[in-house]
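Sequence lines set the chain letters: A, B, ... in the order given, protein chains first and strands last, and positions in each chain run from 1.
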Amino acid sequence: DAGVIQSPRHEVTEMGQEVTLRCKPISGHDYLFWYRQTMMRGLELLIYFNNNVPIDDSGMPEDRFSAKMPNASFSTLKIQPSEPRDSAVYFCASSQEGVFYNEQFFGPGTRLTVL
Amino acid sequence: GQNIDQPTEMTATEGAIVQINCTYQTSGFNGLFWYQQHAGEAPTFLSYNVLDGLEEKGRFSSFLSRSKGYSYLLLKELQMKDSASYLCAVGSGYALNFGKGTSLLVTP
């Protein structure tokens, strides 16, 4: 398997622009997670899905952020409008429900810079 | 909510043993995870503890005390490639809440 795939790997945009980050989870995994990582706040869970349904979005910073999972093999995280404080590395991870625990497999991340 | 604390930075010598501590306060718990993250890369899974005690996996071991809200990751026979950030995470349902990570520098 190719692992979790994210695109783009790097994104540089100007304040006010819309940004869309994409994720393809590992085939057969039924959980998908979006994280944001910064030096100040560490790795924060934004939202996660189970079988394409959002389960917990309490980590989404504000209404400018939205996430969708239209099918089992694709998810998007959208920021509109973007602000400089959104600059971070955004990771997508997926996992499969297990008997004892579900190990999360992370994608390579998207490094977002908002100028 | 979750409160997870671990040291920000540690330095150790190649060949030595290092212990990275993690304390947590949580309203829900279904396991303690350790992840390794090299600079510029994604986190990768190292270990999982749900019961009290020590789990050993090669050069890495992880310990958990649920009553004390305490875990540690023990790295033996340190190698230069072990220089990385080590993230402690508490499982709650199917979500993970991560600490800010401990940056470990291994020196010759």
Side-chain angles (χ1 to χ4, degrees), chain A residues 2-7 9-10 21 23-26 29-60 67 88-111, chain B residues 1-9 20 22-24 26-53 55 57 60 62 64 66 71 73 84-104:
Chain A
V4 176
I5 299 172
Q6 291 186 247
S7 65
R9 294 293 307 277
H10 301 273
L21 311 181
C23 175
K24 176 178 168 53
I26 293 172
H29 282 193
D30 40 22
Y31 285 85
L32 184 139
F33 306 82
W34 281 101
Y35 291 91
R36 176 174 68 176
Q37 187 173 40
T38 61
M39 290 292 292
M40 289 294 293
R41 302 176 67 90
L43 192 60
E44 302 174 279
L45 176 65
L46 300 177
I47 185 172
Y48 77 95
F49 295 83
N50 177 219
N51 292 324
N52 314 337
V53 176
I55 302 301
D56 184 355
D57 66 354
S58 59
M60 295 286 262
V89 180
Y90 290 81
F91 287 103
C92 175
S94 70
S95 68
Q96 186 174 35
E97 185 168 352
V99 177
F100 296 109
Y101 68 95
N102 58 328
E103 175 186 344
Q104 293 187 18
F105 295 83
F106 283 75
T110 295
R111 182 173 294 277
Chain B
Q2 312 272 359
N3 187 24
I4 303 169
D5 290 314
Q6 48 182 133
T8 304
E9 295 179 337
I20 302 174
C22 172
T23 59
Y24 63 89
T26 176
S27 57
F29 179 89
N30 70 344
L32 192 294
F33 296 74
W34 285 94
Y35 277 74
Q36 180 190 58
Q37 185 177 25
H38 284 100
E41 298 183 8
T44 55
F45 171 81
L46 281 180
S47 69
Y48 169 76
N49 295 70
V50 66
L51 300 176
D52 290 354
E55 293 283 341
K57 188 188 292 186
F60 293 3
S62 56
L64 175 66
R66 288 171 296 171
S71 174
L73 180 68
S85 183
Y86 292 86
L87 309 174
C88 171
V90 174
S92 178
Y94 285 95
L96 291 178
N97 290 287
F98 284 86
K100 292 186 178 180
T102 299
S103 180
L104 173 67

Against chain B, label Leu45(A) side chain, backbone, both or neither, depending on which of its atoms sit under 4.5 Å from a heavy atom there.
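Side chain only.
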Portion of Met39(A) that has a non-hydrogen atom of chain B nearer than 4.5 angstrom
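Neither the backbone nor the side chain of Met39(A) comes within 4.5 Å of chain B.
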Between Gly99(B), Gly101(B), Ala89(B), Pro43(B), which residue shows the highest count of heavy-atom pairs closer than 4.5 Å to chain A?
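Among the listed options, the one with the most contacts to chain A is Pro43(B).
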Heavy atoms, side chains only, cut-off 4.5 Å: are Cys88(B) and Gln6(B) in contact?
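Yes. Closest side-chain heavy atoms under 4.5 Å.
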Select one option (side chain, backbone, both, neither) describing which atoms of Leu87(B) are under 4.5 Å from chain A's heavy atoms.
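Interface part for Leu87(B): side chain.
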Side-chain H-bond candidate by donor/acceptor type, Tyr35(A) with Gln104(A), under 3.5 Å
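A pair is found: one side chain offers a donor N or O, the other an acceptor, under 3.5 Å apart.
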Does the side chain of Glu103(A) come under 3.5 Å of the side chain of Tyr48(B) through a donor N or O and an acceptor N or O?
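On atom types as modelled, these side chains do not qualify, holding no pair under 3.5 Å.
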Is the Tyr35(B) ring parallel, tilted or perpendicular to the Phe45(B) ring (thresholds 30°, 60°)?
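Ring orientation, 0 to 90° scale: perpendicular.
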